[in-house]
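Only heavy atoms go into these numbers, but all of them, side chains included; no hydrogens, no water, no symmetry mates. Below, chains carry the letters A, B, ... as their sequence lines are ordered, and counting in each starts from 1.
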2 protein chains.
Amino acid sequence: MEKATRQHTKDHNRALVLKTIFANNQISRAEIARITKLTRTTVSNIVADIIAEGLVHEAGIGTSYGGKNPILLSLVEDSRWMIGLDLSHNQFRGAIVNLRGAMRDVITIPMDGHDGEDALKLLYQIVDQLVNKVNHPLLGIGVGAPGLVNTQEGIIINAVNLDWKNLPLTQLLQDRYHIPVSVLNDSQAAAIGEKTFGAGYSGEESMVLINVRHGIGAGIVINGTLYQGDGGCAGEIGHIVVVQEGGELCRCGNHGCLETVASAQALIRKARKGVKDFPDSILPHDPALIDLKEIEKAFAANDPFVRDIVLDTSKYIGMVISDIVSVLNIQKIILVGDMTCFGEPWLNAIHESMLTHSLQKPLLNTKVEIGKTGENSIILGATAMLVNNYSLLFSH
Amino acid sequence: MEKATRQHTKDHNRALVLKTIFANNQISRAEIARITKLTRTTVSNIVADIIAEGLVHEAGIGTSYGGKNPILLSLVEDSRWMIGLDLSHNQFRGAIVNLRGAMRDVITIPMDGHDGEDALKLLYQIVDQLVNKVNHPLLGIGVGAPGLVNTQEGIIINAVNLDWKNLPLTQLLQDRYHIPVSVLNDSQAAAIGEKTFGAGYSGEESMVLINVRHGIGAGIVINGTLYQGDGGCAGEIGHIVVVQEGGELCRCGNHGCLETVASAQALIRKARKGVKDFPDSILPHDPALIDLKEIEKAFAANDPFVRDIVLDTSKYIGMVISDIVSVLNIQKIILVGDMTCFGEPWLNAIHESMLTHSLQKPLLNTKVEIGKTGENSIILGATAMLVNNYSLLFSH
DNA sequence: CTCCTTTAGTTAGTACAATCAACTAATTAA
DNA sequence: TTAATTAGTTGATTGTACTAACTAAAGGAG
C-alpha cells in the first residue's frame with residue numbers, strides 16, 4: 001500500500017475522463033461530467049490539458065435539447081502510435097497500431113526454422129523497419145510471446161518453438177530502442193486485447209480468455225485489469241492433466257496434459273492417426289495431407305469421424321473451464337484461437353461438458369463465447385497493455 | 001471506475017497509518033512517516049484524529065538514537081468490538097472479538113439436528129446473548145457460513161446441513177440488529193482470517209487457503225484482498241471432478257468430486273468400508289467406532305492401511321492445488337481444516353502430487369503450508385472482513 | 001559542562017486539485 | 001419577446017499534503 005497524494009487523484013480523474021472519451025466516439029464535456037460525476041469545471045480543466053497534449057480534439061457541435069449546443073470531443077486516434085508484435089505463430093508479425101487499435105502498417109516475416117539468436121535478429125529486423133515508418137509520437141513496444149513468460153519482469157522463461165530460455169526480452173528491447181516495452185504471454189495479450197477492443201465490455205468486469213491453438217493458454221482479466229500472478233505466468237492451463245490413466249506424453253514431460261488432447265496440434269495428430277480406420281471419412285487418406293483446414297472442411301460437411309474427434313476436444317476444454325469457473329467464479333469465458341473455426345457446435349459441446357463436470361449453480365450464470373478481435377487480438381492486447389501501464393488511457 | 005476526491009486520499013492515508021500501527025505493536029510517528037513515506041506533519045495530523053477517536057493511544061517513550069525520544073503509539077485493541085460467528089461446524093460458535101482478534105467472550109450452541117428456521121433462531125439467540133455482553137462500540141457482525149454463499153449480496157445460496165436455500169442472511173441480521181453485517185463462505189473467511197491474523201503476511205501478497213474438512217473449499221486472497229468472484233462464490237473447489245471414471249456419487253449429484261475422495265468425510269467412509277479387509281489394522285474393527293480421531297491415532301502409529309488411505313487423499317488435493325496454481329500462479333498455499341491433523345507427511349504427499357501433476361516451472365516457487373490461526377480462523381476472518389469493509393483498519 | 005549534531009514532533013504558511021457559486025453563451029418553448 | 005434550460009467558463013473557496021522553520025530533548029566530542 002502506497003501513500004496517496006493529490007497527484008494520484010489527478011491522474012485517476014484524468015484517466016477516468018480519457019476512458020470516457022475513449023468509450024464514446026463523440027462526447028461533450030457536460031456529458032462526461034454526468035457520467036463521471038466530476039464537476040463540469042474539473043472536466044473542463046482536464047480536457048484542456050489533454051487537448052493541449054493533442055490526445056483529444058473538439059470534433060463538432062452536438063444537438064441541443066433546450067440549451068446551448070454541446071461541443072463534442074473525440075479521441076485523436078493517431079496522436080500516439082505503438083508497435084505491437086505477435087511472436088506466437090510460425091511467422092513473426094509486427095504492426096504499427098494507433099490508440100483505437102487501427103493498424104497503420106503490418107510486417108510479416110516467416111520464421112521457418114529460425115530460433116535462438118536468429119529469431120531475436122528477425123525480431124529486431126521487424127522492429128527496425130517499423131520504427132523507421134513511425135511518424136507520430138511512439139508510446140512503446142508491446143510484445144505477445146508464446147510459451148512461459150514472466151510478464152512482470154518481461155522475461156521469456158521458456159518458448160520451445162523459438163528456443164528461448166530465460167531471455168530478458170523487455171530489457172533487450174528497451175536497451176536497443178530506448179522506449180517503454182511490455183512483454184506478455186500470447187494468451188494474456190489476447191485477453192487484454194479482447195477486453196479493450198472487443199465489443200460489449202464495460203471496462204470493470206472480469207473475464208477469462210481461453211486461447212486454443214497449437215498450444216492452450218488462458219488470460220485472466222479481473223475487474224478490468226490483467227491478472228498476472230505472483231510469478232507473472234498466470235493462465236498456464238495447457239499442462240493441466242486431464243487424462244489421468246494412460247494419457248499421451250506431452251512436450252512438457254508429463255502425461256495427459258490438456259494440450260495433448262484438445263489443442264489443434266492434438267486434433268491433427270488424432271485425425272492423421274485415425275483416418276485409416278475410417279475409410280468413409282472425406283479427409284484426405286494420406287495423413288500427411290491432413291491439416292486444420294481439411295479437418296474444418298470435413299467437420300462442416302458433418303463427417304462422423306471428424307465430428308467425433310473434434311467434439312472430443314471440447315469435452316476436455318469444458319472440464320478445464322468448469323474447473324476454472326469453480327475456482328474463480330468468473331461469468332464470462334471467451335474462446336479464441338484456430339480451434340474456434342469449429343464454431344457453435346464446438347462451443348455448445350464445451351458448454352455441455354462444463355455443466356456435467358462441476359457444481360451447477362455457479363456455472364449456470366457463466367457465458368461462453370467466441371472472441372471478436374480475431375487474429376489481431378494478440379498485437380492489439382500487447383499494445384493495450386502498454387497504454388494501460390503508462391495509465392494514459394483506459395484504466396488506472 | 002469512480003472519480004477520486006480529496007476524501008479518498010485522506011481515507012487512504014488514514015488507513016495506511018492505521019495499518020502501519022496495527023502491524024507494529026508500538027511505533028512512533030516518525031517511524032510511521034519513514035515507513036509510509038508520508039511527511040511527519042501528515043502523520044501527526046492523522047494520528048491526532050485517530051487518537052481522538054480512541055483507536056490509538058500514546059503508550060510510552062521509546063529509546064533515542066541521538067535525538068529526542070520518540071513517543072510510541074499503540075492500537076487500543078478494545079476500542080472497538082465485533083461479533084464473529086462460525087456456522088460451519090455442527091455447533092454454532094459466536095464470539096466477541098476485538099481489533100487484534102482477541103476473543104472477549106465465546107458462546108457455543110450445539111446444532112443437533114436444528115435446521116431451517118430453527119437454525120436461524122439459534123443464530124439469533126447467540127447474537128442476542130453476545131450483544132447483551134457488549135460494552136464497547138460495536139462495529140458489526142461477521143458471519144462465516146458453510147455451503148454456497150453469495151458473499152457480495154450476503155445470501156446463503158445453499159447450505160445443505162442447515163437446510164438454508166437463498167437465505168438473505170445479511171439483510172435479516174441488519175434488519176434485526178441495525179449494524180453492519182458481512183457474510184462470507186467459511187473458507188473465504190478462513191483465508192482472510194489467516195492473512196490478517198496469521199504470522200508472516202505483509203498485507204499485499206496473494207495466497208490460496210484450502211479448507212479440508214467435512215467438505216472442501218478454498219479462499220483466494222489476491223494482492224491482500226479477498227477475491228470473491230462475479231457471483232460471490234469463488235473458491236468452490238469441492239466439486240471439481242477428480243475421478244473421471246467410476247467416481248463415487250457426490251451429494252451435489254455429480255460423480256467423482258474432490259469431496260468424495262479427499263474430505264474428512266470421505267476418509268472416514270473409506271476407513272469404515274476397508275477396515276474389514278485389513279484385520280491387522282489397529283483401527284477399531286467395528287466400523288461405527290471409526291472417526292477422524294481414531295484414524296489420526298492409527299496414522300501416527302504408522303498403520304499401513306490407514307497410511308495408504310490418508311495419503312491417497314493428498315494425491316487428489318495435490319492435483320487440484322496444482323490446477324489452481326496453473327491458473328493463478330499464486331505462490332503461497334495454506335491448508336487448514338480437520339485434515340491438517342495428518343501434518344507433515346500429508347503435506348509432503350500433497351506437495352509431491354502437485355509436482356507430478358502439472359507444469360513444473362510455476363510450481364517450483366510455490367510453498368504449501370499448514371495454517372496458523374487454527375479453529376478460530378473463520379470467526380476471526382469474518383470479523384476482519386467487516387473491519388476491511390469499513391476501511392477502518394488493515395487495508396482498503 | 002558546553003556546544004554541536006541528531007532526532008521527534010509541532011507550527012505556520014504554501015501548493016494544488018476538486019468544488020461551489022455565479023457568470024456568459026446559446027438554444028428551445030411558450 | 002421572455003423564461004427556462006443546457007453548455008461551458010471564471011473566480012473564489014476548501015481541504016489535504018507538503019515545505020520550511022521552529023521547539024524539545026537526547027547523545028557525543030571537546
Q) Quick one: does A:D105's side chain have a donor or acceptor within less than 3.5 Å of a partner on A:I96's backbone? A)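 No, A:D105 side chain to A:I96 backbone: no donor-acceptor pair under 3.5 Å.
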(Q) Any side-chain to backbone donor/acceptor pair from A:S74 onto A:N25? Under 3.5 Å, distance only. (A)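 Looks like yes, one N/O pair under 3.5 Å.
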Calculate the interatomic distance between [X] atom [atom1] and [N] atom [atom2]; express it in whole Å.
X: A:L72; N: C:dT27; atom1: CG; atom2: P; value: 13 Å
X: A:D11; N: C:dC16; atom1: CG; atom2: C1'; value: 13 Å
X: B:E31; N: C:dG9; atom1: CD; atom2: P; value: 10 Å
X: A:Y65; N: C:dA26; atom1: OH; atom2: P; value: 20 Å
X: B:K37; N: D:dT16; atom1: NZ; atom2: C1'; value: 20 Å
X: B:I71; N: D:dA26; atom1: CD1; atom2: P; value: 11 Å
X: B:I32; N: C:dT7; atom1: CD1; atom2: C1'; value: 16 Å
X: B:K10; N: D:dC18; atom1: NZ; atom2: P; value: 14 Å

Q: Would you kindly check whether a donor in the side chain of A:T41 faces an acceptor in the base of C:dC20, or vice versa, at under 3.5 angstrom?
A: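 Such a pair exists between side chain and base.
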Q. Is there a donor and acceptor pair, one atom on the side chain of A:R29 and one on the base of D:dG8, closer than 3.5 Å?
A. no
May I ask you to evaluate whether [X] reaches the phosphate of [N], defined as a side-chain N or O under 4.0 Å from OP1 or OP2?
X: A:K68; N: D:dG8; result: no
X: B:R34; N: C:dA8; result: yes
X: B:Q7; N: D:dT16; result: yes
X: A:S44; N: D:dT9; result: yes

Q) Is it true that atom NZ of B:K372 has more than 12 heavy atoms of other residues, nucleotides or ligands lying nearer than 6.0 Å? A)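 Yes, NZ of B:K372 has more than 12 neighbouring heavy atoms, counting only those of other groups under 6.0 Å.
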Q. Reckon A:T42 touches a base, only the sugar-phosphate, or nothing at all at heavy-atom distances under 4.0 Å?
A.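 Base contact - A:T42 has a heavy atom under 4.0 Å of at least one base atom.
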Q: Determine the contact category for A:N13: base if any of its heavy atoms lies under 4.0 Å from a base atom, sugar-phosphate if only primed atoms, P, OP1 or OP2 are that close, otherwise nothing.
A: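 It contacts sugar-phosphate atoms only.
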Q: Taking only the side-chain heavy atoms of A:N69 (C-beta and beyond), determine which of D:dT16, C:dT27, C:dA8 contains the nearest atom.
A: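 Given the options D:dT16, C:dT27, C:dA8, the side chain of A:N69 is closest to C:dT27.
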Q.
The side chain of B:T39 is closest to which nucleotide in this list: D:dC18, C:dA18, D:dG8?
A.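 Side chain of B:T39 sits closest to D:dC18.
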Q) Do we see a donor-acceptor contact under 3.5 Å between the side chains of A:T5 and A:H8? A)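 A:T5 vs A:H8: donor-acceptor pair found between side chains.
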**Q.** Given DNA chain D, 5'-ward residue of the pair B:G67 and B:L38, judged by closest heavy atom
**A.**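 Checking each residue's closest nucleotide, the 5'-ward one belongs to B:L38.
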**Q.** First of A:R6 and A:S28 reached from the 5' end of DNA chain D, by closest nucleotide
**A.**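 The 5'-side residue here is A:S28.
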Q. Cationic tip of B:R100 within the cone over B:F22's six-membered ring, i.e. under 6.0 Å and within 45° of the normal?
A.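 Yes; both conditions hold, so B:R100 lies above the ring face of B:F22.
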